[in-house]
Amino acid sequence: MDKVKVAIIGSGNIGTDLMIKLLRRNGPLAMAAMVGVDPDSDGLARARRMGVAATHEGLDGLRAMPLYRDIGIVFDATSAAAHARHAEALQADGKRVIDLTPAALGPYAVPAVNLDAHIDAPNLNMVTCGGQATIPVVAAVSRVVPVRYAEIVASIASKSAGPGTRANIDEFTETTARAIESVGGALRGKAIIVLNPAEPPLIMRDTIYCLTEGGDEAAIRASIQRMVAAVAGYVPGYRLKQDVQFEALDAAACAAILRQPAAKAGLKVSVFLEVEGAGHYLPAYAGNLDIMTSAALAAAERMVELSRQQEVA
(Lines give C-alpha, C1' and ligand atoms only; values in the text may rest on other atoms or scores of the structure.)
Protein backbone atom coordinates (compact mmCIF):
# COMPACT_ATOMS: atom_id res chain seq x y z
CA MET A 1 0.00 0.00 0.00
CA ASP A 2 1.29 3.47 -0.90
CA LYS A 3 2.70 5.54 1.91
CA VAL A 4 1.21 8.91 2.85
CA LYS A 5 3.63 11.70 2.02
CA VAL A 6 4.28 14.23 4.77
CA ALA A 7 6.01 17.59 5.10
CA ILE A 8 7.49 19.25 8.17
CA ILE A 9 7.39 23.02 8.63
CA GLY A 10 10.12 24.08 11.03
CA SER A 11 13.73 22.98 10.59
CA GLY A 12 14.74 23.50 14.22
CA ASN A 13 15.30 20.89 16.92
CA ILE A 14 11.79 19.42 16.97
CA GLY A 15 11.31 19.40 13.22
CA THR A 16 14.71 17.81 12.58
CA ASP A 17 14.22 15.13 15.23
CA LEU A 18 10.81 14.31 13.74
CA MET A 19 12.31 14.06 10.26
CA ILE A 20 14.94 11.61 11.44
CA LYS A 21 12.32 9.51 13.23
CA LEU A 22 10.25 9.37 10.06
CA LEU A 23 13.23 8.33 7.95
CA ARG A 24 14.20 5.61 10.44
CA ARG A 25 10.73 4.01 10.51
CA ASN A 26 9.21 1.65 8.02
CA GLY A 27 5.67 2.80 8.66
CA PRO A 28 2.79 4.24 6.62
CA LEU A 29 4.40 7.68 6.28
CA ALA A 30 6.96 8.92 3.77
CA MET A 31 9.11 11.97 4.51
CA ALA A 32 8.72 14.24 1.48
CA ALA A 33 9.71 17.82 2.36
CA MET A 34 11.43 19.86 5.06
CA VAL A 35 10.54 23.55 5.31
CA GLY A 36 12.38 26.33 7.11
CA VAL A 37 13.19 30.02 6.89
CA ASP A 38 16.93 29.93 7.64
CA PRO A 39 18.91 28.79 4.58
CA ASP A 40 21.82 27.86 6.85
CA SER A 41 19.85 25.76 9.34
CA ASP A 42 21.21 22.34 10.23
CA GLY A 43 17.78 20.81 9.69
CA LEU A 44 17.60 21.86 6.05
CA ALA A 45 21.19 20.76 5.44
CA ARG A 46 20.48 17.35 6.95
CA ALA A 47 17.31 17.01 4.90
CA ARG A 48 19.20 17.60 1.67
CA ARG A 49 21.94 15.14 2.66
CA MET A 50 19.27 12.54 3.35
CA GLY A 51 17.59 13.06 0.00
CA VAL A 52 14.60 15.03 1.29
CA ALA A 53 13.33 18.02 -0.68
CA ALA A 54 13.95 21.22 1.27
CA THR A 55 13.12 24.91 1.06
CA HIS A 56 14.10 27.90 3.17
CA GLU A 57 11.20 29.98 1.86
CA GLY A 58 8.68 28.88 4.47
CA LEU A 59 5.16 27.73 3.69
CA ASP A 60 5.13 29.70 0.44
CA GLY A 61 8.16 27.72 -0.70
CA LEU A 62 6.44 24.44 0.16
CA ARG A 63 3.26 25.39 -1.67
CA ALA A 64 5.31 26.23 -4.75
CA MET A 65 6.88 22.76 -4.88
CA PRO A 66 5.36 20.36 -7.44
CA LEU A 67 5.27 17.63 -4.79
CA TYR A 68 3.00 19.73 -2.56
CA ARG A 69 -0.14 18.42 -4.25
CA ASP A 70 0.74 14.90 -3.08
CA ILE A 71 1.35 15.85 0.56
CA GLY A 72 -1.28 14.28 2.81
CA ILE A 73 -0.17 15.45 6.26
CA VAL A 74 1.78 18.53 7.33
CA PHE A 75 3.54 18.73 10.71
CA ASP A 76 3.97 22.27 12.00
CA ALA A 77 6.94 22.57 14.36
CA THR A 78 7.33 26.35 14.31
CA SER A 79 5.67 28.63 16.88
CA ALA A 80 2.15 29.42 18.06
CA ALA A 81 2.09 32.72 16.17
CA ALA A 82 3.44 31.19 12.96
CA HIS A 83 1.01 28.29 13.13
CA ALA A 84 -1.93 30.66 13.24
CA ARG A 85 -0.80 31.92 9.82
CA HIS A 86 0.01 28.49 8.44
CA ALA A 87 -3.22 26.81 9.52
CA GLU A 88 -5.48 28.96 7.39
CA ALA A 89 -3.53 28.33 4.18
CA LEU A 90 -3.11 24.61 4.85
CA GLN A 91 -6.79 24.18 5.60
CA ALA A 92 -7.70 25.98 2.38
CA ASP A 93 -5.43 23.55 0.52
CA GLY A 94 -7.15 20.56 2.13
CA LYS A 95 -4.10 19.38 4.07
CA ARG A 96 -4.36 17.48 7.34
CA VAL A 97 -2.27 19.25 9.98
CA ILE A 98 -0.57 18.03 13.15
CA ASP A 99 0.38 21.04 15.24
CA LEU A 100 3.39 20.70 17.55
CA THR A 101 3.08 24.31 18.77
CA PRO A 102 0.92 25.55 21.67
CA ALA A 103 -1.39 27.42 19.26
CA ALA A 104 -4.26 25.06 20.12
CA LEU A 105 -6.38 25.91 17.09
CA GLY A 106 -7.53 22.30 16.79
CA PRO A 107 -8.56 19.79 19.47
CA TYR A 108 -5.94 18.62 21.94
CA ALA A 109 -4.59 15.16 21.11
CA VAL A 110 -2.75 12.90 23.55
CA PRO A 111 -2.26 9.48 21.90
CA ALA A 112 -2.66 7.37 25.03
CA VAL A 113 -5.80 9.22 26.13
CA ASN A 114 -8.09 10.68 23.47
CA LEU A 115 -6.58 10.41 20.00
CA ASP A 116 -9.30 8.30 18.40
CA ALA A 117 -11.99 10.78 19.44
CA HIS A 118 -10.42 13.47 17.24
CA ILE A 119 -8.85 11.40 14.50
CA ASP A 120 -10.94 13.06 11.78
CA ALA A 121 -10.09 16.61 12.83
CA PRO A 122 -8.32 18.60 10.09
CA ASN A 123 -5.95 20.13 12.66
CA LEU A 124 -4.71 18.17 15.68
CA ASN A 125 -2.90 20.01 18.46
CA MET A 126 -0.26 18.03 20.37
CA VAL A 127 -0.56 20.33 23.41
CA THR A 128 2.98 20.73 24.81
CA CYS A 129 5.86 18.52 25.92
CA GLY A 130 4.74 18.91 29.53
CA GLY A 131 1.18 18.10 28.52
CA GLN A 132 2.15 14.96 26.62
CA ALA A 133 4.13 13.77 29.65
CA THR A 134 1.67 14.58 32.41
CA ILE A 135 -1.88 14.60 31.06
CA PRO A 136 -1.93 10.79 30.67
CA VAL A 137 -1.27 10.48 34.40
CA VAL A 138 -4.03 12.94 35.30
CA ALA A 139 -6.37 11.01 33.01
CA ALA A 140 -5.33 7.74 34.65
CA VAL A 141 -6.28 9.11 38.06
CA SER A 142 -9.52 10.74 36.90
CA ARG A 143 -10.80 7.51 35.34
CA VAL A 144 -10.72 6.00 38.82
CA VAL A 145 -11.81 8.92 41.01
CA PRO A 146 -12.82 12.58 40.41
CA VAL A 147 -9.84 14.95 40.36
CA ARG A 148 -10.67 18.31 41.89
CA TYR A 149 -7.31 19.90 41.11
CA ALA A 150 -4.21 18.85 39.18
CA GLU A 151 -0.90 20.68 39.09
CA ILE A 152 2.06 19.68 36.93
CA VAL A 153 5.67 20.85 36.99
CA ALA A 154 7.76 20.10 33.91
CA SER A 155 11.49 20.54 34.44
CA ILE A 156 13.62 20.48 31.28
CA ALA A 157 17.27 21.11 30.56
CA SER A 158 17.81 24.71 29.53
CA LYS A 159 19.93 23.50 26.61
CA SER A 160 16.95 21.60 25.20
CA ALA A 161 14.75 24.71 25.10
CA GLY A 162 15.18 26.36 21.73
CA PRO A 163 13.95 29.79 20.66
CA GLY A 164 10.49 28.44 19.84
CA THR A 165 10.03 27.03 23.34
CA ARG A 166 11.32 30.19 24.99
CA ALA A 167 9.04 32.39 22.89
CA ASN A 168 6.00 30.32 23.87
CA ILE A 169 6.32 30.05 27.66
CA ASP A 170 2.98 31.79 28.29
CA GLU A 171 1.23 29.67 25.66
CA PHE A 172 2.85 26.57 27.18
CA THR A 173 1.39 27.15 30.62
CA GLU A 174 -2.03 28.24 29.37
CA THR A 175 -2.42 25.46 26.81
CA THR A 176 -1.20 22.77 29.19
CA ALA A 177 -3.49 23.93 32.00
CA ARG A 178 -6.52 23.89 29.71
CA ALA A 179 -5.66 20.42 28.41
CA ILE A 180 -5.19 19.09 31.97
CA GLU A 181 -8.85 19.93 32.40
CA SER A 182 -10.36 19.05 29.02
CA VAL A 183 -8.27 15.93 28.31
CA GLY A 184 -6.99 14.92 31.73
CA GLY A 185 -10.38 15.33 33.36
CA ALA A 186 -9.34 17.56 36.26
CA LEU A 187 -11.88 20.11 37.45
CA ARG A 188 -9.06 22.66 37.58
CA GLY A 189 -5.51 22.51 36.23
CA LYS A 190 -2.27 24.40 36.60
CA ALA A 191 1.02 24.03 34.70
CA ILE A 192 4.53 25.21 35.52
CA ILE A 193 7.65 24.87 33.37
CA VAL A 194 11.19 25.10 34.72
CA LEU A 195 14.21 25.59 32.46
CA ASN A 196 16.99 23.95 34.47
CA PRO A 197 20.49 25.36 33.72
CA ALA A 198 22.31 22.54 35.54
CA GLU A 199 25.50 21.13 34.01
CA PRO A 200 25.63 18.43 32.89
CA PRO A 201 22.06 18.83 31.61
CA LEU A 202 19.42 16.81 33.40
CA ILE A 203 16.87 14.51 31.81
CA MET A 204 13.31 15.84 31.65
CA ARG A 205 11.49 15.36 34.95
CA ASP A 206 7.77 15.82 35.52
CA THR A 207 5.85 16.00 38.77
CA ILE A 208 2.07 15.62 38.92
CA TYR A 209 -0.06 16.43 41.94
CA CYS A 210 -3.72 15.43 41.92
CA LEU A 211 -6.21 16.29 44.65
CA THR A 212 -8.94 13.67 44.50
CA GLU A 213 -12.18 12.93 46.31
CA GLY A 214 -10.63 10.04 48.18
CA GLY A 215 -10.46 6.85 46.17
CA ASP A 216 -8.88 3.40 46.37
CA GLU A 217 -5.10 3.78 46.44
CA ALA A 218 -4.44 0.39 44.87
CA ALA A 219 -6.85 1.12 42.01
CA ILE A 220 -5.29 4.54 41.39
CA ARG A 221 -1.77 3.11 41.42
CA ALA A 222 -2.72 0.32 39.01
CA SER A 223 -4.41 2.77 36.64
CA ILE A 224 -1.30 4.99 36.59
CA GLN A 225 0.98 2.02 35.94
CA ARG A 226 -1.18 0.90 32.99
CA MET A 227 -1.09 4.40 31.55
CA VAL A 228 2.69 4.70 31.93
CA ALA A 229 3.05 1.43 30.02
CA ALA A 230 0.75 2.72 27.27
CA VAL A 231 2.77 5.93 26.80
CA ALA A 232 6.03 3.98 26.90
CA GLY A 233 4.69 2.06 23.92
CA TYR A 234 5.44 5.07 21.71
CA VAL A 235 7.92 6.93 23.97
CA PRO A 236 10.33 4.21 25.20
CA GLY A 237 12.14 6.57 27.59
CA TYR A 238 8.95 7.39 29.54
CA ARG A 239 8.94 5.90 33.04
CA LEU A 240 8.02 6.36 36.68
CA LYS A 241 10.93 7.75 38.69
CA GLN A 242 9.61 6.34 41.98
CA ASP A 243 6.48 4.78 43.45
CA VAL A 244 3.22 6.69 43.38
CA GLN A 245 2.74 8.55 46.68
CA PHE A 246 -0.49 9.15 48.60
CA GLU A 247 -1.31 11.57 51.41
CA ALA A 248 -4.68 11.94 53.12
CA LEU A 249 -5.59 15.61 53.57
CA ASP A 250 -8.16 17.06 55.92
CA ALA A 251 -10.78 19.58 54.87
CA ALA A 252 -8.66 22.58 55.89
CA ALA A 253 -5.68 21.46 53.81
CA CYS A 254 -7.91 20.84 50.77
CA ALA A 255 -9.53 24.26 51.20
CA ALA A 256 -6.07 25.88 51.17
CA ILE A 257 -5.10 24.09 47.94
CA LEU A 258 -8.40 24.86 46.25
CA ARG A 259 -8.51 28.39 47.70
CA GLN A 260 -12.06 27.84 48.82
CA PRO A 261 -13.54 28.71 52.19
CA ALA A 262 -14.92 25.19 52.63
CA ALA A 263 -13.88 21.88 51.12
CA LYS A 264 -14.17 18.19 51.82
CA ALA A 265 -11.25 16.05 52.91
CA GLY A 266 -9.39 14.39 50.06
CA LEU A 267 -6.41 12.42 48.85
CA LYS A 268 -3.26 13.93 47.39
CA VAL A 269 -1.68 11.75 44.69
CA SER A 270 1.92 12.56 43.74
CA VAL A 271 3.55 11.07 40.65
CA PHE A 272 7.17 11.54 39.58
CA LEU A 273 8.20 10.84 35.99
CA GLU A 274 11.34 10.84 33.91
CA VAL A 275 11.43 11.14 30.13
CA GLU A 276 14.64 10.11 28.39
CA GLY A 277 15.06 10.96 24.74
CA ALA A 278 15.88 8.36 22.10
CA GLY A 279 18.95 10.33 20.97
CA HIS A 280 17.95 10.30 17.30
CA TYR A 281 19.02 13.92 16.80
CA LEU A 282 19.48 15.47 20.23
CA PRO A 283 21.05 14.16 23.43
CA ALA A 284 19.12 11.78 25.67
CA TYR A 285 18.40 14.55 28.19
CA ALA A 286 16.10 16.26 25.68
CA GLY A 287 13.14 14.04 26.50
CA ASN A 288 10.87 17.07 26.25
CA LEU A 289 11.51 17.22 22.51
CA ASP A 290 11.44 13.46 22.03
CA ILE A 291 8.02 13.05 23.61
CA MET A 292 6.55 15.70 21.31
CA THR A 293 7.92 14.19 18.13
CA SER A 294 7.06 10.65 19.24
CA ALA A 295 3.49 11.66 20.12
CA ALA A 296 3.05 13.50 16.82
CA LEU A 297 4.36 10.52 14.89
CA ALA A 298 2.08 8.14 16.79
CA ALA A 299 -0.88 10.42 16.04
CA ALA A 300 -0.13 10.58 12.32
CA GLU A 301 0.35 6.83 11.99
CA ARG A 302 -2.90 6.17 13.86
CA MET A 303 -4.64 8.71 11.63
CA VAL A 304 -3.54 6.82 8.53
CA GLU A 305 -4.39 3.44 10.06
CA LEU A 306 -7.96 4.43 10.92
CA SER A 307 -8.46 6.13 7.57
CA ARG A 308 -7.49 2.93 5.77
CA GLN A 309 -9.76 0.86 7.99
CA GLN A 310 -12.67 3.13 7.09
CA GLU A 311 -11.86 2.77 3.38
CA VAL A 312 -11.92 -1.02 3.66
CA ALA A 313 -15.18 -0.96 5.63
Side-chain angles (χ1 to χ4, degrees), residues 102 104 107-115 117 127-156 169-194 196 204-232 235 238-275 288 291 295:
Y108 300 126
V110 180
V113 181
N114 73 332
L115 180 59
V127 198
T128 61
C129 61
Q132 288 295 336
T134 62
I135 288 169
V137 171
V138 178
V141 177
S142 67
R143 68 188 178 187
V144 176
V145 63
V147 175
R148 289 186 277 179
Y149 174 74
E151 178 177 311
I152 72 96
V153 182
S155 178
I156 67 174
I169 295 295
D170 289 344
E171 290 89 347
F172 174 99
T173 55
E174 293 165 7
T175 295
T176 307
R178 290 198 301 267
I180 288 169
E181 299 166 357
S182 62
V183 181
L187 186 61
R188 210 177 76 202
K190 180 178 180 180
I192 300 168
I193 183 172
V194 177
N196 192 329
M204 182 188 194
R205 299 280 176 83
D206 298 281
T207 304
I208 304 103
Y209 301 108
C210 294
L211 179 61
T212 74
E213 297 181 3
D216 182 286
E217 293 184 10
I220 294 172
R221 182 183 292 107
S223 181
I224 292 171
Q225 290 172 340
R226 289 195 302 273
M227 184 64 80
V228 169
V231 177
V235 188
Y238 184 87
R239 53 185 173 256
L240 285 171
K241 184 63 178 172
Q242 61 188 74
D243 291 338
V244 180
Q245 316 237 327
F246 300 93
E247 180 183 0
L249 300 181
D250 60 21
C254 291
I257 292 173
L258 298 172
R259 297 183 180 179
Q260 296 176 351
K264 297 179 182 178
L267 184 68
K268 179 182 176 182
V269 183
S270 301
V271 182
F272 307 92
L273 298 167
E274 182 175 82
V275 185
N288 53 303
I291 197 168

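What you are looking at is a predicted structure, and each value in this text was computed from that prediction instead of being measured.
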Fill in the blank from the handout: Rounded to the nearest 0.5 Å, the CD1 atom of Ile193 sits from the OG1 atom of Thr173 at a distance of 9.0 Å
Exercise for the section: Please test Leu115 against Val110 for side chain to side chain contact (heavy atoms under 4.5 Å, CB included), starting from the C-alpha separation and ending with a verdict. Expected result: CA-CA 6 Å; Leu115 180 59; Val110 180; over 6 Å; no
Exercise for the section: Please tell me if the side chains of Val269 and Val145 come closer than 4.5 Å, counting only heavy atoms from C-beta onward. Expected result: no
Exercise for the section: Answer yes or no: is there a donor N or O on one side and an acceptor on the other, between the side chain of Asp216 and the main chain of Ala219, under 3.5 Å? Expected result: yes
Fill in the blank from the handout: For Phe172 and Ala154 the tightest heavy-atom approach is CZ-CB, 4.3 Å
Practice task
Quick one: do Arg148 and Arg188 satisfy side chain to side chain contact (heavy atoms under 4.5 Å, CB included)? Show the steps, please.
Solution key: CA-CA 6 Å; Arg148 289 186 277 179; Arg188 210 177 76 202; over 6 Å; no
Exercise for the section: With the side chain counted from C-beta on, respond yes when Asn196 and Ile156 share a heavy-atom pair under 4.5 Å apart, and no when they do not. Expected result: no
Problem - Contact check, side chains of Val144 and Thr212, non-hydrogen atoms, under 4.5 Å - result: no
Handout entry: Val138 vs Ile208 side-chain heavy atoms within contact, under 4.5 Å
Key = yes
Exercise for the section: Compare all side-chain heavy atoms of Ile257 with those of Tyr209 and state whether any distance is below 4.5 angstrom. Expected result: no
Handout entry: Atom pair OG1 (Thr207) and CD1 (Ile152), whose distance is rounded to the nearest 0.5 Å
Key = 9.0 Å
Exercise for the section: Measure the CD-CG distance between Glu274 and Asp206 for me, rounded to the nearest 0.5 Å. Expected result: 10.0 Å
Problem - Ile192 side, atom CD1; Ser155 side, atom OG - distance, nearest 0.5 Å - result: 11.5 Å
Exercise for the section: Find the distance between CG (Asp243) and CD (Gln225) and round it off to the nearest 0.5 Å. Expected result: 8.0 Å
Handout entry: Minimum heavy-atom distance Val228-Arg239, with the two atoms named
Key = CG1-CA, 4.2 Å
Fill in the blank from the handout: Taking every heavy atom of Asn288 against every heavy atom of Cys129, the minimum-distance pair comes out as O-CB, 3.0 Å
Problem - Non-hydrogen side-chain atoms of Ile180 and Ile135 separated by less than 4.5 Å - result: yes
Exercise for the section: Provide the closest heavy-atom pair for Pro136 versus Met227 in the form atom of the first, atom of the second, distance. Expected result: O-CG, 3.2 Å
Problem - Side chain Ser142, main chain Ala186, donor-acceptor under 3.5 Å - result: no
Exercise for the section: Mind listing the closest non-hydrogen atom pair of Cys254 and Ala265 along with its distance? Expected result: SG-C, 3.8 Å
Handout entry: Sub-4.5 Å side-chain heavy-atom contact between Val244 and Glu217
Key = no
Problem - Pro111 versus Ala295, closest heavy-atom pair with distance - result: CG-O, 3.6 Å
Problem - No-hydrogen, no-angle side-chain donor-acceptor test under 3.5 Å, Thr176 and Thr128 - result: yes
Exercise for the section: Nearest 0.5 Å please: distance from the CD atom of Gln245 over to the CZ atom of Phe272. Expected result: 5.0 Å
